[in-house]
Amino acid sequence: MGRMYHVLAGVLRSVKPGQGPETLGRCVRYSAQFSTSPAAGVKSHIRPGYVIIGAGLVCGTGAVLYSAHLRKKTLAATLEPVFMAPPITNMASLQQTSDMRSRMELLILRVQADVCKALEELEATEGDKKFIVDRWERKEGGGGISCVLQDGQVFEKAGVNISIVQGNLPPSAVRQMRARGKDFKTQEDGALPFFAAGVSSVIHPRSPNVPTIHFNYRYFEVVEADGNRQWWFGGGTDLTPSYLDTDDVVHFHSTLKEACDKHDKSLYPRFKKWCDEYFTIPHRGECRGVGGIFFDDVDEPSQDEAFRFVKSCADAVLPSYLPIVKKQMKRGYGYAERQWQLLRRGRYVEFNLVYDRGTKFGLATPGARIESILMSLPLAARWEYCHDPAPGTEESKMLEVLKTPRDWVASK
């Protein structure tokens with residue numbers, strides 16, 4: 001049996017005959033396995049004109065270059081994309097361009113894959129559920145990839161969706177955006193050409209001891225009637241526990257603050273306050289959860305710097321959440337704790353269907369994919385008439401925090 005080598009953080013790049021590594025264009029990351037044993041009936045997936053550049057090998061470290069001539073030897077190769085499904089935009093276009101549309105699509109594809117694989121690894125410790133991957137297209141332009149895990153042992157329902165859509169915004173969507181201060185010069189029929197790319201996720205664990213997390217990071221462009229192009233970023237990450245563990249919440253907020261502080265120390269307190277205000281359920285007089293960060297219409301100091309900030313926040317999702325899941329997922333709970341969790345999920349549903357701007361915008365967009373928009377809703381929720389937890393209980397302590405947001409980092 002020959003040896004098997006695994007190229008770490010492999011990169012697939014298109015190269016014209018005679019080009020050297022210094023002239024390589026944009027790239028897409030892949031993992032690859034190479035065997036030095038002949039494999040009957042196995043064809044290499046490396047086409048002439050492509051090279052694999054690896055960051056290291058299991059048998060050692062260092063840069064390694066495998067060029068297409070290796071397919072002439074007894075070398076079998078298998079490429080496995082790091083993405084959950086093929087990109088919505090043609091791969092050649094993503095490789096050849098470096099505009100913000102391409103950069104954002106590659107970012108959200110990678111974030112989606114990272115989160116899905118991390119959750120599957122945790123789920124595998126208790127069960128065998130995997131994400132269902134649904135790649136869809138929108139006749140008006142663009143499409144998306146919806147990844148949903150349901151009825152798992154660790155995660156009751158987890159959705160991680162990306163969408164890359166374009167077309168014309170209808171007047172209703174334009175009015176909604178103008179209501180928050182956007183000023184657009186629309187065409188004579190009121191339409192407004194747009195492009196939007198984003199990743200959105202809601203993860204509902206099975207255990208009441210593990211909090212729900214939501215994150216969303218997006219990029220938006222509109223082209224006005226005079227040709228002027230406006231762009232901005234939005235997003236955020238927030239936590240919704242059923243039971244309060246102060247150490248967990250402090251860890252969560254500290255991780256997000258660290259991501260923000262890399263760019264500007266004023267960002268975390270501003271976006272933390274915005275999050276508390278946004279994720280409020282006015283008719284209940286309480287917040288949906290213990291907050292996090294939330295922002296919209298970010299178009300400064302520059303497009304590149306705004307993108308780097310969004311990338312830092314997106315990359316902070318897993319470090320902020322996975323340690324909490326690992327800590328809490330095997331703690332015991334009973335019937336009463338489950339019923340309280342379902343009541344809190346009822347509040348989650350109320351906010352998402354009544355107040356959430358993203359839900360409203362999605363439903364107002366032509367060709368909206370309802371299953372993906374409503375992915376955020378839990379499998380089960382509960383409403384009780386005039387429910388009020390008894391004073392001094394863990395449930396009442398949680399409710400007190402939801403009615404009076406705290407400065408969690410300061411409590412560290």
Participant: Ser254 side chain to Val250 main-chain N or O, any donor-acceptor pair under 3.5 Å?
Facilitator: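 It does hold such a pair.
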Participant: Please check this pair: side chain of Arg347 against backbone of Gly289, looking for a donor-acceptor N/O pair closer than 3.5 Å.
Facilitator: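 Here the side-chain-to-backbone pair does not exist.
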Participant: How about Gln328 and Tyr333: does a side-chain donor come under 3.5 Å of a side-chain acceptor?
Facilitator: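 Absent: no donor and acceptor within the cut-off.
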Participant: Taking atom CD of Glu371 and atom CH2 of Trp136, what is their separation to the nearest 0.5 Å?
Facilitator: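 That separation rounds to 12.0 Å.
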Participant: Give a yes or no on whether the backbone of Val199 and the side-chain of Asn161 come within a donor-acceptor separation of less than 3.5 Å.
Facilitator: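 Side chain of Asn161 to backbone of Val199, a donor-acceptor pair under 3.5 Å: no, none is there.
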Participant: Strictly distance-based, threshold 3.5 Å: is any side-chain N or O of His253 a donor or acceptor partner for the main-chain N or O of Val290?
Facilitator: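 A pair under 3.5 Å: yes.
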Participant: With a cut-off of 6.0 Å (strictly less than), are more than 12 heavy atoms of other residues, nucleotides or ligands near CD of Glu137?
Facilitator: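 For Glu137, atom CD is not crowded (no more than 12 foreign heavy atoms under 6.0 Å).
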Participant: Between Tyr355 and His283, does the ring centroid distance fall short of 6.0 Å?
Facilitator: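 Centroid separation for Tyr355 and His283: below 6.0 Å.
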Participant: Has Trp232 got a side-chain atom pairing as donor or acceptor with Asp296's backbone, closer than 3.5 angstrom?
Facilitator: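 Checking the backbone N and O of Asp296 against the side chain of Trp232, no donor-acceptor pair under 3.5 Å is found.
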Participant: So, is the end of the Arg110 side chain (NZ or CZ) under 6.0 Å from the ring centre of Phe83 and within 45° of the ring's axis?
Facilitator: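 No, Arg110 does not lie over the aromatic ring of Phe83.
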Participant: Would you say the side chains of Gln339 and Arg382 form a donor-acceptor pair under 3.5 Å?
Facilitator: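 A pair is found: one side chain offers a donor N or O, the other an acceptor, under 3.5 Å apart.
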Participant: Quick check: Phe220 with Phe194 (ring centres under 6.0 Å apart)?
Facilitator: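 Under 6.0 Å, so yes.
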Participant: Tyr278 and Phe295: aromatic ring centres closer than 6.0 Å?
Facilitator: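 No, the ring of Tyr278 stays outside the 6.0 Å limit from the ring of Phe295, centre to centre.
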Participant: With sequence neighbours excluded, what pairs up with Asn352 under the side-chain contact (heavy atoms from CB on, under 4.5 Å) test?
Facilitator: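 Applying side-chain contact (heavy atoms from CB on, under 4.5 Å) to Asn352 gives Arg288, Tyr348, Ser376, Leu377.
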Participant: Taking atom types as modelled, is there a side-chain donor on Ser266 or Asp264 under 3.5 Å from an acceptor on the other?
Facilitator: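 Side-chain D/A pair, Ser266 to Asp264: present.
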Participant: For Lys397, what residues pass the salt bridge (Lys or Arg N to Asp or Glu O under 4.0 Å) criterion, not counting sequence neighbours?
Facilitator: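 Only Glu394 meet the salt bridge (Lys or Arg N to Asp or Glu O under 4.0 Å) criterion with Lys397.
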Participant: Has Arg218 got its NZ or CZ under 6.0 Å from the middle of the six-membered ring of Phe233, at an angle within 45 degrees of the ring axis?
Facilitator: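 Verdict for Phe233: no cation-pi partner in Arg218.
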Participant: How would you list all residue pairs meeting salt bridge (Lys or Arg N to Asp or Glu O under 4.0 Å) that involve residues 267-278, not counting sequence neighbours?
Facilitator: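 Matches after skipping sequence neighbours: Lys272-Asp276, Lys273-Glu277.
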Participant: Please determine whether side-chain contact (heavy atoms from CB on, under 4.5 Å) holds for the pair Asp134 and Ile145, giving the CA-CA distance in whole Å, both sets of side-chain angles, and the decisive distance to 0.1 Å.
Facilitator: CA-CA 6 Å; Asp134 181 13; Ile145 303 169; over 6 Å; no
Participant: Check Lys262, Glu258, His263 against Ser312 for a side-chain hydrogen bond (donor to acceptor under 3.5 Å, both in side chains) and give me the one that passes.
Facilitator: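 Looking at Lys262, Glu258, His263, the match for Ser312 under the side-chain hydrogen bond (donor to acceptor under 3.5 Å, both in side chains) is His263.
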Participant: Between Ser320 (side chain only) and Ala316 (backbone N and O only), is there a donor and an acceptor less than 3.5 Å apart?
Facilitator: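 Pair found, side chain donor or acceptor close to backbone of Ala316.
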Participant: Would the distance check show the side chain of Glu286 and the main-chain N or O of Lys403 forming a donor-acceptor pair, the cut-off being under 3.5 Å?
Facilitator: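 Not confirmed, Glu286 side chain does not pair with Lys403 backbone.
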Participant: Could you check whether Glu123 and Gln153, counting side-chain N and O atoms only, form a donor-acceptor pair closer than 3.5 Å?
Facilitator: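 Looking only at side-chain atoms, Glu123 and Gln153 do not form any donor-acceptor pair under 3.5 Å.
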Participant: Is there a donor-acceptor pair under 3.5 Å between the side chain of Glu105 and the backbone N or O of Ile88?
Facilitator: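 At least one qualifying donor-acceptor pair exists.
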Participant: Trp274 and ring-ring contact (aromatic ring centres under 6.0 Å, His included): which partner among Phe279, Tyr268, Phe294?
Facilitator: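 With Trp274 as partner, Phe279, Tyr268, Phe294 yield a single ring-ring contact (aromatic ring centres under 6.0 Å, His included), made by Phe294.
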Participant: With no hydrogens and no angle check, is any side-chain donor or acceptor of Glu156 less than 3.5 Å from a backbone partner on Leu379?
Facilitator: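 Side chain of Glu156 to backbone of Leu379: no pair is present.
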